[in-house]
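Reviewing the structure listed below.
Every heavy atom of this structure was used, including side-chain atoms; hydrogens, water molecules and symmetry mates were not. Everything quoted here is computed from the prediction, not taken from an experiment. All ligand and atom numbering here is 1-based and tracks the order in the structure.
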Amino acid sequence: MNTSKSFYISTPLYYVNDKPHLGTAYTSLIADILNRYQKLFGRSSFFITGTDEHGQKCEQTALKRGLTPQEHCDQMSPQFERAWKSLNINYDLFFRTSFDYHCQAVQTALQSLYDKGDIYSSNYKGWYCVSEEIFYTKKDLVNGKSPTGKEVIPLEEKAWFFKMSKYQKALREHLESHPCFIKPKERQNEIKGFLKQPLQDLCVSRPKKRVSWGVELPFDKNCVAYVWVDALLNYVTGAGYLRNEETFKKYWLEGETAHLIGKDILMTHAVYWPCLLMALNLPLPHTIFAHGWLLNKKDEKMSKSQGDKLDPLELSNLLGLEELRWFLAKEIVLGKDSAISLDLMVQKINEDLADNLGNIFSRVSRLIERNFEGQIPLYKERQDSPLQKLTEDKKKLFKGQIDSFELSQALQSLSGLLVEVNKYLEQTAPWKLVKTDKQKAGLALYNCLEVLRICGILLSPVMPRKMERLLSALGETAVFKNAEWGRLPLGKKLKHPKALFPKILI
Ligand code: MSP
């Protein structure tokens with residue numbers, strides 16, 4: 001990654017037919033962590049998330065509740081905003097597709113596609129899945145349902161089409177020349193395979209007599225824009241497209257752009273979206289990273305229809321917010337599906353945070369308090385200690401892992417380092433050594449504190465509040481360039497915070 005460029009990261013916009021749940025919170029939490037990492041690395045970074053408010057699904061849900069779609073959205077969207085705030089998800093923009101400036105930009109963009117002849121009128125005949133807001137042809141259906149098993153309805157109507165097929169060749173070439181465009185590799189192969197078949201043009205309109213809740217087409221007052229076309233454009237309108245040239249240039253035209261999405265919405269992002277961007281003469285995002293699903297006990301996607309959603313706020317009350325963030329970021333390999341359960345969360349959090357990181361910190365600081373008057377021991381090893389070498393090796397890889405979305409691998413590597421610190425403590429036994437060789441005992445404690453300080457910096461995007469407590473006890477702040485061995489202020493009085501990670505007993 002070129003660190004002089006700014007960074008722009010997005011989540012999908014969430015449908016407002018449901019409250020936030022752990023599956024939707026997962027995408028936002030990971031995007032928050034990746035955004036915080038880029039800020040830690042010293043980059044200017046922008047993080048956008050929000051709600052997808054138009055379309056048939058939203059209109060139907062509002063109707064069932066006896067509300068207008070706008071009233072329904074105005075009630076639901078703040079629930080996401082509040083939930084993300086409670087989860088310490090530090091977005092720069094909470095975007096709503098009902099924003100006026102967005103609707104106007106969608107109209108301008110569609111008008112320009114129409115003017116250049118990329119939109120034409122024809123008849124649509126096929127199937128529509130309201131739950132996914134996706135059009136299907138007969139050959140896409142599996143046992144009369146959508147490929148993911150959702151109900152579809154037959155449709156036949158006059159509609160407007162975007163000449164997506166015109167961009168198929170250019171998209172195929174882009175995929176070949178930009179191996180990081182779609183990640184991980186399995187998803188890239190999926191799209192490459194899909195693009196071997198001729199690409200159909202995309203229906204981009206809905207007649208108002210059936211769906212009126214949407215952005216009116218500027219060239220046909222009887223239709224609204226297809227909700228996915230409207231929603232996908234958020235990534236550029238949020239960055240300032242047709243509104244703020246300066247931010248648009250900084251983040252979209254010249255920055256490094258990344259869309260974090262779930263693998264279920266790969267097709268819309270990796271095919272429709274780049275074709276639309278090419279038609280609008282706009283640069284494509286650098287990376288579209290599709291993560292896997294959080295699975296329930298039956299190995300199915302956790303979802304509203306399965307009725308087994310976990311509430312992220314309840315979980316964060318039960319386990320601790322930063323502990324929950326740690327579990328999701330470390331245990332789930334980004335891109336893979338992962339079965340999760342409360343038992344597994346408690347077990348892993350206790351192992352990593354209570355028994356390891358937290359325990360090392362309280363043991364070491366207690367020993368320093370008792371034997372060194374609470375001051376960081378005035379001994380520093382002249383030669384490299386084994387812990388120094390290990391820490392430096394892991395740190396060298398760390399930034400590259402984060403930059404290439406290997407978040408879980410990077411955190412597992414630091415967790416492994418802390419296991420080594422625990423072993424080192426057992427081997428050197430400073431509580432015994434202090435009676436016979438105070439200098440050596442001091443050295444051992446110094447080495448442990450150095451690893452804790454460096455890990456405190458490197459883990460701050462995942463657990464910002466607890467790592468701030470750890471670092472302030474050591475007189476340090478979370479700045480990436482400080483994560484160098486040997487900066488610990490010798491002789492400084494250690495602040496002894498109360499236990500960082502109490503054991504979870506459920
Ligand atoms: N509104 C569209 C996205 C439009 S973006 C221009 C949408 N919304 S959604 O609310 O249904 O899903 C949003 C995201 O939540 C998707 O990335 C989806 O994969 C993710 N998740 C929902 N349930 C999930 C799990 N059980 N596990 C992991 N992520 C899941 O699609």
Pair Asp140-Thr137, side-chain donor/acceptor within less than 3.5 Å: yes
Beyond-backbone contact of Phe405 with Thr287, side-chain heavy atoms, under 4.5 angstrom: yes
Under the side chain to side chain donor-acceptor pair (under 3.5 Å) test, residues paired with Thr51 that sit two or more places apart: Glu53, Ser77
Atom 19 (O) of ligand 1: the protein heavy-atom neighbour that sits closest, reported with distance to 0.1 Å: Asp264 OD1, 2.6 Å
Lys NZ or Arg CZ of Arg243 over Tyr101 ring: under 6.0 Å, within 45°: yes
Glu133 near ligand 1 by a heavy-atom separation under 4.0 Å: no
Side-chain heavy atoms of Leu63 within contact of Thr68, under 4.5 Å: no
Any Phe501 side-chain heavy atom under 4.5 Å of Met463 side chain: yes
Nitrogen or oxygen of Leu232 less than 3.5 angstrom from that of ligand 1: no
Option set Gly23, Ser131, Ala290, Ala231, criterion heavy-atom distance to atom 21 (N) of ligand 1, minimum: Gly23
Protein residue, atom and distance nearest to atom 20 (C) of ligand 1, heavy-atom basis: Thr27 OG1, 3.9 Å
Polar atom proximity, Leu294 to ligand 1 (N or O, under 3.5 Å): yes
Protein contact to atom 3 (C) of ligand 1 [nearest heavy atom, distance to 0.1 Å]: Leu13 O, 3.3 Å
Any His291 heavy atom less than 4.0 Å to ligand 1: yes
Lys125 charged N/C atom sitting above Trp127 aromatic ring, 6.0 Å / 45°: no
Taking atom 17 (O) of ligand 1 as the reference point, the nearest protein heavy atom with its distance: Gly262 N, 2.8 Å
For Lys208, all residues meeting salt bridge (Lys or Arg N to Asp or Glu O under 4.0 Å), sequence neighbours excluded: Glu216
Side-chain heavy-atom pair Leu353, Trp326 within 4.5 angstrom cut-off: yes
Residue-ligand contact Trp273/ligand 1, heavy atom below 4.0 Å: no
Ligand 1 atoms in contact with Tyr235 (distance to a heavy atom under 4.0 Å): 5 (S), 6 (C)
Check: Trp228 N/O within less than 3.5 Å of ligand 1 N/O: no
Element-labelled atoms of ligand 1 that are located less than 4.0 Å from some non-hydrogen atom of Met302: 23 (N), 25 (C), 26 (N)
Any Cys455 side-chain heavy atom under 4.5 Å of Leu418 side chain: yes
Closest approach of any protein heavy atom to atom 14 (C) of ligand 1, naming residue and atom: Tyr14 CE2, 3.7 Å
Atom 15 (O) of ligand 1: nearest protein contact (heavy atom, Å): Thr24 CG2, 3.6 Å
Within-cut-off N or O pair, Ile265 and ligand 1, under 3.5 Å: no
Ile261, any N or O under 3.5 Å of ligand 1 N or O: no
Geometric N/O contact Asp52 with ligand 1, under 3.5 angstrom: yes
Atoms of ligand 1, numbered as shown, that sit under 4.0 Å from any heavy atom of Gly292: 28 (C)
Aromatic plane relationship, His259 with Trp273 - under 30° parallel, 30 to 60° tilted, over 60° perpendicular: tilted
Min N/O separation Tyr15 to ligand 1 under 3.5 Å: yes
Thr61 and Val16, any side-chain heavy atoms less than 4.5 Å apart: no
